[in-house]
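Quick note: residue numbers are just sequence positions, from 1.
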Amino acid sequence: MSKFGVVVIGGGPAGLAAAIAASSDGASVLLVERDVRLGGILKQCIHDGFGIIRYNDKLTGPEYAFRDISTLEQTNTRVLLQTTVSSIVRSGSAFQLTLCNRHGILIVQAGSIVLATGCRERTSKQIGIHGLHTSGVITAGNAQFYLNVMGQLPAKRCVILGSGDVGLIMARRLTLEGVRVLGIYEAKQTPGGLLRNVTQCVYDYNIPMYFGHTVTRVAGSPRLKAVEICKVDKNLNPVRGTENLIKTDTLILSVGLIPENELADSMGVQMSDTTNGPVCDQNFMTLSDGIYSCGNALHVNDMVDYVSESGEIAGRNAARYMQRERRLININVSNEFLYSVPQCLDIDMISSETVLFFKTREFIENPVVRVLVDGNELFVQKYEYIRPPESCRISVNFNVALNPESKIELRIN
């Protein structure tokens with residue numbers, strides 16, 4: 001049985017950052033990736049805009065991944081590609097992992113684990129689109145893979161449902177390749193992606209975008225021939241009598257991402273109802289000792305720079321993990337917030353700066369975000385506006401005496 005200080009599961013930007021950080025901190029590290037190459041989703045993201053915060057540069061996805069892969073190669077990290085983790089069980093104070101690849105079954109032992117498993121796209125059945133199972137209904141990520149990696153054009157005339165960032169980017173990409181994008185339909189009244197992508201990928205290319213609309217039905221066999229578009233009410237329910245049939249050969253879905261946490265579930269890790277990722281402390285250790293989470297497996301980020309930062313924090317702390325009893329206090333958020341990450345603090349491990357990520361439920365103009373400890377204001381940050389699709393990051397110095405009875409609050413205005 002091979003033994004490692006840290007096993008990182010997932011070789012995307014979060015896993016790469018975690019492995020580099022853990023190895024740089026002196027731990028023996030194993031990085032497990034199910035794909036044939038490292039880099040995760042970055043391999044197919046040929047547009048720029050990555051690394052603006054982390055590298056102060058506008059990189060493509062492959063360029064961003066190359067920097068981390070090059071750094072990883074300078075460490076002693078062992079990498080297993082085309083390998084999946086079938087089970088993880090506790091073995092005394094360590095973990096025993098069963099790995100599967102083309103060579104067979106491999107059993108390894110780890111002192112701590114970092115879950116950097118990323119997220120997956122919602123499908124048509126998960127959002128209630130009716131109709132036969134027909135070809136031509138694909139996710140935005142799959143369309144991106146076909147075009148950017150395989151060099152195959154997935155459509156001639158397409159409709160895009162949802163205004164997530166990948167969908168917006170693919171609207172531009174498909175238009176540049178000669179595909180007619182008939183429209184982007186969004187059930188909500190505001191875009192689901194970053195404003196810069198709305199401007200650069202949609203408005204600059206005169207691609208129609210319709211708010212308050214959704215796709216209710218698909219028609220055609222074996223290939224998609226048409227989609228039914230409906231207006232929705234304020235509760236996002238289709239309005240009868242507003243149906244409109246649009247002829248198209250492809251429906252591209254950009255309707256949200258779901259963190260992949262089947263491994264965390266199998267180990268009984270406590271999950272958050274708002275993030276769909278594990279509940280964690282400021283070191284990104286879950287409520288199960290020795291198990292860390294980062295990147296989009298923890299919560300869906302809109303910037304890869306934040307994904308990498310969370311990986312670095314998780315990897316560094318996983319390398320320093322020592323079994324002990326933690327004293328945790330919750331971070332309470334007001335109703336304006338959808339969530340904050342982390343959800344609690346380990347008061348015995350407070351450092352000079354604690355990174356908090358959060359999203360709000362609604363669009364808020366001129367908000368003031370405050371962090372209070374026992375009613376005393378510790379941190380204040382003013383914004384011009386905050387949009388629900390965009391993650392916000394603050395760094396707070398909890399330079400006050402904390403105890404198990406302390407109350408930490410995150411408020412707006």
For E336 and T360: C-alpha separation, side-chain torsions, deciding distance, then whether side chain to side chain donor-acceptor pair (under 3.5 Å) applies. CA-CA 6 Å; E336 294 87 356; T360 57; over 6 Å; no
Could you give me the CA-CA distance, side-chain angles and deciding distance for R327 and D348, then say whether salt bridge (Lys or Arg N to Asp or Glu O under 4.0 Å) is met? CA-CA 7 Å; R327 296 193 298 163; D348 295 321; 2.8 Å; yes
Yes or no on side-chain contact (heavy atoms from CB on, under 4.5 Å) for I364 and I412, after CA distance, side-chain angles and deciding distance? CA-CA 9 Å; I364 305 175; I412 288 184; 3.7 Å; yes
Carefully, step by step, assess T98 and S87 under the rule side chain to side chain donor-acceptor pair (under 3.5 Å). CA-CA 5 Å; T98 303; S87 70; 3.2 Å; yes
Kindly indicate, with the supporting measurements, whether the criterion side-chain contact (heavy atoms from CB on, under 4.5 Å) is fulfilled by Q343 and I331. CA-CA 5 Å; Q343 293 89 351; I331 298 176; 5.9 Å; no
Test side-chain contact (heavy atoms from CB on, under 4.5 Å) on T77 and V8; report intermediate values, then the result. CA-CA 10 Å; T77 301; V8 179; over 6 Å; no
Might you work through the side chain to side chain donor-acceptor pair (under 3.5 Å) test for R320 and N283, ending with a clear yes or no? CA-CA 10 Å; R320 301 173 184 177; N283 301 313; over 6 Å; no
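By the side-chain contact (heavy atoms from CB on, under 4.5 Å) test, L287 is found to be paired with Q270, V279, L328, C344, residues two or more places apart in sequence or in another chain being considered. Here I246 pairs with V159, L182, Y185, V227, I229, N244 under the side-chain contact (heavy atoms from CB on, under 4.5 Å) rule; sequence neighbours left out.
The aromatic rings of Y385 and F363 lie parallel to each other, with less than 30° between the two planes, well short of the 60° mark.
The environment of N413 atom CG is dense: over 12 non-hydrogen atoms of other residues, nucleotides or ligands sit within 6.0 angstrom. Applying the 6.0 Å contact sphere to CZ of R370 captures more than 12 heavy atoms from other residues, nucleotides or ligands. No more than 12 heavy-atom neighbours from other residues, nucleotides or ligands sit within 6.0 angstrom of CD on E362. By the 6.0 Å contact criterion, CZ on F379 is enclosed, its count of non-hydrogen atoms from other residues, nucleotides or ligands being greater than 12. Within 6.0 Å of atom CG in D273, 12 or fewer heavy atoms from other residues, nucleotides or ligands are found, so the atom counts as exposed in its surroundings. More than 12 heavy atoms of other shown residues, nucleotides or ligands fall within 6.0 angstrom of atom CG in D265. Within a 6.0 Å radius of CZ in R240, other residues, nucleotides and ligands contribute 12 heavy atoms or fewer. Around the CZ atom of R37, the shell of radius 6.0 Å holds no more than 12 heavy atoms that belong to other residues, nucleotides or ligands.
Under the 3.5 Å distance criterion, the side-chain polar atoms of S163 are matched with a main-chain donor or acceptor of G192. Between the K43 side chain and the A65 main chain, no donor and acceptor come within less than 3.5 Å of each other. Between the side chain of Q381 and the backbone N or O of I394, no donor-acceptor pair lies under 3.5 Å. Put simply, the side chain of N237 never gets that close to the backbone of D233: no donor and acceptor are under 3.5 Å apart. A donor-acceptor pair is defined here as one N or O able to donate and one able to accept, closer than 3.5 Å; such a pair exists between the side chain of R387 and the backbone of P191.
Taking CG from L97 and CD from Q109, the interatomic distance works out to 9.5 Å, rounded to the nearest 0.5 Å. The line from CD of E353 to CD of Q282 is 12.5 Å long, rounded to the nearest 0.5 Å.
Screening residues 188-200 for side chain to side chain donor-acceptor pair (under 3.5 Å), with sequence neighbours left out, gives D165-N197.
A salt bridge is absent between E312 and R316; no separation between the charged side-chain nitrogens and carboxylate oxygens falls under 4.0 Å.
Between N296 and I41, the closest side-chain pair of non-hydrogen atoms is not below 4.5 Å. Side-chain contact between N261 and V269 is absent, with no heavy atoms from C-beta onward closer than 4.5 Å. Inter-residue side-chain proximity for T60 and C45 is flagged as unmet; no heavy-atom pair is nearer than 4.5 Å.
Taking every heavy atom of both residues into account, Y146 and P154 meet most closely at CD1-CB, 4.0 Å.
R78 forms no cation-pi arrangement with F4, by the criterion of a distance under 6.0 Å to the ring centre and an angle within 45° of the ring axis.
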